[in-house]
Amino acid sequence: MSTETPDTLRVEGLAKTYPGAAEPVFDSVNFGMRRGEFVVIIGHSGCGKTTILNVLAGLESASEGYVFMDGREVAGPSLERGVVFQGHALMPWLSVRKNIAFAVRSKWPDWSAAQVNAQVEKYVDMVGLASAIDKKPSQLSGGMKQRVGIARAFAIQPKMLLLDEPFGALDALTRGSIQDELLKICAETQQTVFMITHDVDEAILLADRILLMSNGPRARVAEIVKNTMPRSRQRATLHHDPQYYRIRNHLVDFLVSRSKDLSHGRAPAQPAEVSPGLSDPEPAPVQPVPLRRIA
C-alpha cells in the first residue's frame, strides 16, 4: 500500500483571460499541495499570482481548468480557506476584538462569548497587539492593521491559509517575529499554506516548495523548487547553511533571466521539480490523484 500523502489541493489546467484581452494572463497552470505543506509562489508582476490565489480562495473564477480541495471542486469562498490580502480589509466601525470575533463566530456559531473572546485574545497576543485590542482601525498604523488581518485569518484555524504578500507593510522586526510565529503554528498544527511573495529570502525561510512562474501573458509554473534545508531553519542562521546559497542563486537566476526566456519559448505544461540544494537532485515522481467533481 502506498504511503504517499494525498494532495489536499490540486490545480489542473488553470487559465485566466480577462474580457477584451488578446491572450490569457496565465494558462495550463498545474500543481498540487499536500496537507501540512507550505508552498510559496514567486514571479514577476503581471504573471497572475494574485489571480491564482483568488481562484484558490473561490473569490474569482478561472476561464479554464479546475481547483480541487480534498477531492471537491472549489466553487466559491469558504471558511475552510482563510485569506490574508495585501490590504487589511477590516471593518472600520468595529474594534480589533470585534473584527476578529466576527470571523470566529462565523466559524463556530455555537461557541459561548467566553470561548470566542479567548480565541480572539490568543491570536491578537500572537501578533503583538494585546494593548490595542479595543481600538478601531482608524487608531492603528498601516502595519498594525495588517497584523489584525493576519490574526483574523489564524483565528478561524482554516484547513488552508492563503497569504497575498501579508508581511509587505510590516517593519523588519515585526515581520520577522510573525514569520517565526507562522513557522511555529504550521509545525504545531500541520497548517497548509499557499503564499505569494517577492522576497526570495522569505520564500527560502518559509516554504517547503517554491513555484516559479514564467512571465505573462500565458504565464505558467515553469519550475517547482524543493527546499532541501531542514524545516527547523531559523532566520538568524539561515545563511550559514551552504544549501541556502545554492537555492537562493537558483531563484535569483530564474527571476533575472530564465523567466524572460520562458515567456518567449513558453514554459512546459507540467513543471519540472528541482532540488538546487542537493548535489544530485532527483525530481519527485508525479502521483495521479483521484478527484471527485461536485456540481
Side-chain angles (χ1 to χ4, degrees), residues 6-35 37 39-78 80-83 85-86 158-165 192-198 209-225 254-255 258-273 283-295:
D7 288 357
T8 190
L9 181 87
R10 193 76 192 168
V11 176
E12 294 187 342
L14 211 64
K16 180 67 176 183
T17 304
Y18 288 102
E23 295 183 277
V25 177
F26 56 82
D27 68 356
S28 298
V29 170
N30 299 279
F31 64 90
M33 288 179 63
R34 294 176 290 276
R35 190 175 307 281
E37 189 175 28
V39 170
V40 166
I41 186 168
I42 292 181
H44 291 292
S45 296
C47 68
K49 301 183 299 299
T50 295
T51 303
I52 291 172
L53 183 143
N54 286 340
V55 173
L56 301 188
L59 300 173
E60 192 166 343
S61 298
S63 303
E64 298 178 20
Y66 306 95
V67 176
F68 298 92
M69 185 169 176
D70 292 333
R72 294 173 177 264
E73 186 175 357
V74 172
S78 166
E80 292 186 344
R81 299 182 299 280
V83 186
F85 301 101
Q86 293 181 43
K159 288 185 177 180
M160 174 173 286
L161 273 177
L162 299 163
L163 310 177
D164 188 357
E165 295 189 77
T192 308
V193 184
F194 180 87
M195 176 176 169
I196 297 171
T197 184
H198 284 100
R209 291 189 300 152
I210 303 165
L211 311 184
L212 299 179
M213 293 285 289
S214 63
N215 285 6
R218 294 189 179 275
R220 293 182 179 178
V221 178
E223 288 183 7
I224 299 177
V225 176
F254 179 91
L255 292 171
R258 192 158 183 267
S259 59
K260 297 178 182 178
D261 296 338
L262 287 169
S263 67
H264 294 97
R266 298 297 170 223
Q270 288 296 336
E273 183 162 317
V286 177
Q287 299 289 340
V289 179
L291 300 170
R292 181 161 60 94
R293 291 285 305 278
I294 302 297

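No hydrogens, no waters, no symmetry mates; every other heavy atom, side chains included, goes into these values. Fair warning: this is a prediction, and the values are worked out from it, not measured in the lab.
Within the 3.5 Å criterion, the main-chain N or O of Thr17 finds a donor-acceptor partner in the side chain of Ser63. Without hydrogens or angle criteria, Lys49 side chain to Gly43 main chain gives a donor-acceptor distance under 3.5 Å.
Minimum heavy-atom separation, Ser45 to His198: OG-NE2, 4.1 Å. Nearest heavy-atom pair across Asp164 and Leu53 is N-CD1, 4.0 Å. Contact between Ser61 and Val55 at its shortest, heavy atoms only, is C-CG2, 4.3 Å. Smallest separation of non-hydrogen atoms from Ala219 and Cys47: CB-O, 3.5 Å. The two residues Met160 and Met69 have their closest heavy-atom pair at CB-CE, 3.9 Å. Across Gly32 and Arg209, no two heavy atoms sit closer than the pair O-NH2, 2.5 Å.
One finds the CD atom of Glu165 at 6.0 Å from the OG1 atom of Thr197 (value rounded to the nearest 0.5 Å). From Leu211, atom CG reaches atom CG of Asn30 across 11.5 Å, with rounding to the nearest 0.5 Å. The CZ atom of Phe254 sits 9.0 Å away from the CE atom of Met213 when rounded to the nearest 0.5 Å. Atom OG of residue Ser28 and atom CZ of residue Arg218 lie 8.5 Å apart, to the nearest 0.5 angstrom. The distance from atom CZ of Arg35 to atom OG1 of Thr8, rounded to the nearest 0.5 Å, is 4.0 Å. Residue Asn215 holds its CG atom at 9.0 Å from CG of Leu255, rounded to the nearest 0.5 Å.
Taking 4.5 Å as the limit, some side-chain heavy atom of Phe85 sits within range of a side-chain heavy atom of Asn54. For the pair Glu60/Thr51, a side-chain contact is recorded, criterion being any heavy-atom separation below 4.5 Å from C-beta on. Side-chain contact check for Arg81 versus Leu56: every heavy-atom pair is 4.5 Å or farther apart.
The side-chain contact (heavy atoms from CB on, under 4.5 Å) test with Met195 is passed by exactly one of Leu162, Leu163, Leu161: Leu163. Of the listed residues (Val74, Val221, Ile52, Val29), just one forms a side-chain contact (heavy atoms from CB on, under 4.5 Å) with Val11, and that residue is Val29.
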